[in-house]
Amino acid sequence: MQEEGRRRLLEDNLEKLMRTYTNVFDLGNLDEALKEAFEIKKDRYKYEALGRHKTCLLIFFNNSLRTRLSTQKAARNLGMDVIVLDVNQGAWKLETERGVVMDGDKSEHLLEAIPVMGCYCDMIGVRSFARFENREEDYTEKILNQFVQYSGRPVFSMEAATCHPLQAFADLITIEEYKRAKRPKVVLTWAPHPRALPQAVPNSFADFMNEADVDFVITQPEGYELDPKFVRGARVEYDQRKAFEGADFIYAKNWSCPGVTNPADYGRVLSKDMRWCVDSGHMSWTNNAFFMHCLPVRRGMIVTDDVIEAPTSLVIPEAANREISATLVLKRILEDL
Ligand code: AN0
Ligand code: CP
């Protein structure tokens, strides 16, 4: 009986430990997380003793400006050493499939590379976008989960195949800072883009907004429905104008077809309808809404110059809050090492 009690206590505590940061649920209570974020924002060096002699390894399979800089800054705020590796520049070309005869151009297998990376650090951040080759592999987070399973270290997502939780947490912090109503109306709108982009940013934004105290609406053309596990109870409105009416925040983002209604269309660009580009006419339908985008953004496709340059544009404060969201997540991981 005593043994059982001890086991349960251990399991309860293990559940509370931050061993991974891959989606909103790893943050626990969002109000507490927000409170902690604002405390960090007041003094971002408060916990700089925590990371002494600890090393944070950042692995990039894809390009990045904000995530690369803000996560390094966060690790340094906490007193950590940082190592950054761009896998496609200077490392061996990696095989990711098991059971293949490696007689091509790939010199090393991810299944050795991951535990080796784990030897040199105390935590690992991974950026590994959706590849659009196989929906199931992307939506089961095959690559990220291999890092979780084989690195022997806590792993946090710096945008994986389906989620970008450091971005969405920074967006939530920004909404909390700028909201004028207790329960603001927040609209996630699809916008056109020339190339196929992942669904990670809108998925995570939906994930966070569904857990936050906001009136959340998603608007997109037919065929761009996000996966139900992220949409959950959110209102989906196909008429962009109706969605924008009374909005306090407009969050624009392109995403490629999530393949929910037609799996064969997964990762395709189904529309480049420029009527969805957010211009001042669109913004005039709103309640003088703030404009948000995670960046990088293509002007003239997603948003017009005047909207992104307006005083109501929050794109730079959002980027600044990436340092805060990352400092909080890395701090919690350090506390639980
Ligand atoms: C990426 C995306 O849409 O997921 C990263 C955004 C943070 N954007 C591009 O590849 C342009
Ligand atoms: N928003 C964001 O994650 O930007 P980067 O792709 O430049 O890191």
Side-chain angles (χ1 to χ4, degrees), residues 21-23 56 58-75 82 84-89 125-132 135 138-139 141 143-144 156-175 188-208 220 224 226-227 230 251-259 266-272 276-278 291-303 308 313-330:
Y21 181 62
T22 61
N23 62 45
C56 177
L58 306 180
I59 302 290
F60 288 92
F61 287 89
N62 315 93
N63 295 341
S64 166
L65 173 74
R66 279 143 291 274
T67 305
R68 175 188 299 274
L69 298 181
S70 61
T71 315
Q72 288 187 66
K73 179 66 168 64
V82 196
V84 182
L85 177 67
D86 287 294
V87 175
N88 300 322
Q89 281 164 32
V126 181
R127 166 159 288 203
S128 168
F129 287 178
R131 302 192 203 183
F132 300 135
R135 187 181 196 277
D138 287 345
Y139 269 72
E141 290 288 4
I143 303 282
L144 186 70
F156 59 94
S157 165
M158 299 194 297
E159 185 173 338
T162 63
C163 289
H164 192 1
L166 283 171
Q167 179 65 49
F169 185 35
D171 295 330
L172 176 66
I173 295 170
T174 312
I175 289 172
L188 166 64
T189 181
W190 179 92
H193 190 276
R195 290 180 42 234
L197 293 185
Q199 294 109 41
V201 170
N203 284 346
S204 270
F205 189 69
D207 229 4
F208 273 72
Q220 83 246 324
Y224 278 101
L226 295 170
D227 194 286
F230 299 106
Y251 193 98
K253 181 72 183 84
N254 170 265
W255 60 90
S256 62
C257 175
Y266 175 60
R268 290 209 182 129
V269 175
L270 303 179
S271 164
K272 291 182 190 166
W276 286 74
C277 171
V278 180
F291 175 81
M292 299 180 73
H293 189 281
C294 63
L295 306 181
V297 73
R298 292 196 187 222
R299 290 180 177 214
M301 293 290 306
I302 305 282
V303 59
I308 198 169
S313 169
L314 297 182
V315 295
I316 307 304
E318 283 177 84
N321 278 332
R322 290 293 306 274
E323 179 186 343
I324 307 304
S325 66
T327 305
L328 181 143
V329 166
L330 271 51

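Just so it is clear, the values below take in all heavy atoms, side chains as well, and ignore hydrogens, waters and symmetry mates. Each ligand, and each atom within it, is numbered from 1 in the order the structure gives. Being a predicted model, the structure only gives us computed values, none of them experimental.
For atom 8 (N) of ligand 1, the nearest protein heavy atom (residue, atom name, distance) is Leu197 CD2, 4.1 Å. Nearest non-hydrogen protein atom to atom 2 (C) of ligand 1 is Pro198 CD, 3.6 Å. What sits closest to atom 4 (O) of ligand 2 on the protein, heavy atoms only, is Arg66 NE, 2.8 Å. Arg127 NH1, 2.8 Å is the protein heavy atom nearest to atom 6 (O) of ligand 2.
The residue Val201 has no part lying near ligand 2, judged by heavy-atom distances below 4.0 Å. For Lys253, every heavy-atom contact with ligand 1 shorter than 4.0 Å involves the side chain, none the backbone.
Taking the side chain as every heavy atom from C-beta outward, Phe60 and Thr67 approach each other to under 4.5 Å.
Between Thr67 and ligand 2, an N or O atom pair is found at a separation short of 3.5 Å.
Counting the atoms of ligand 2 from 1 in the order shown, those under 4.0 Å from a heavy atom of Leu65 are 5 (P), 7 (O), 8 (O). Atom numbering of ligand 1 starts at 1 in the shown order; those under 4.0 Å from a heavy atom of Leu295 are 7 (C). Atoms of ligand 1 lying under 4.0 Å from at least one heavy atom of Glu159, given by number and element, are 2 (C), 4 (O), 5 (C), 6 (C), 7 (C). The distance from ligand 2 to the heavy atoms of Arg322 drops below 4.0 Å at these ligand atoms: 1 (N), 2 (C), 3 (O).
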Practice problem: Go through the steps to decide whether Val297 and Val315 satisfy the test side chain to side chain contact (heavy atoms under 4.5 Å, CB included), and finish with yes or no. | Solution: CA-CA 10 Å; Val297 73; Val315 295; 6.0 Å; no
Quiz item: Would Ser256 and Gln199 satisfy side chain to side chain donor-acceptor pair (under 3.5 Å), going step by step from the backbone distance to the final call?
Solution: CA-CA 7 Å; Ser256 62; Gln199 294 109 41; 3.1 Å; yes
Practice problem: Report the C-alpha separation of Asn203 and Tyr139 in whole Å, then their side-chain angles, then the decisive distance to 0.1 Å, and conclude whether the side chain to side chain contact (heavy atoms under 4.5 Å, CB included) test is met. | Solution: CA-CA 11 Å; Asn203 284 346; Tyr139 269 72; 3.3 Å; yes
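Distances shorter than 4.0 angstrom occur between a heavy atom of His164 and an atom of ligand 2. Contact annotation: Gln167 has at least one heavy atom less than 4.0 Å from an atom of ligand 2.
With Arg268 contributing its side chain and Ala196 its backbone, the two residues share no donor-acceptor pair below 3.5 Å. Side chain of Glu141 to main chain of Thr162: a donor-acceptor pair is present (N/O by atom type, distance under 3.5 Å, no hydrogens or angles).
Remark: Lys272 engages no residue in a salt bridge (Lys or Arg N to Asp or Glu O under 4.0 Å) (not counting sequence neighbours).
In this structure, Asn88 places its CG atom where more than 12 heavy-atom neighbours from other residues, nucleotides or ligands lie under 6.0 Å away.
The aromatic rings of Phe132 and Tyr266 sit perpendicular, their planes meeting at an angle over 60°, well past the 30° parallel limit.
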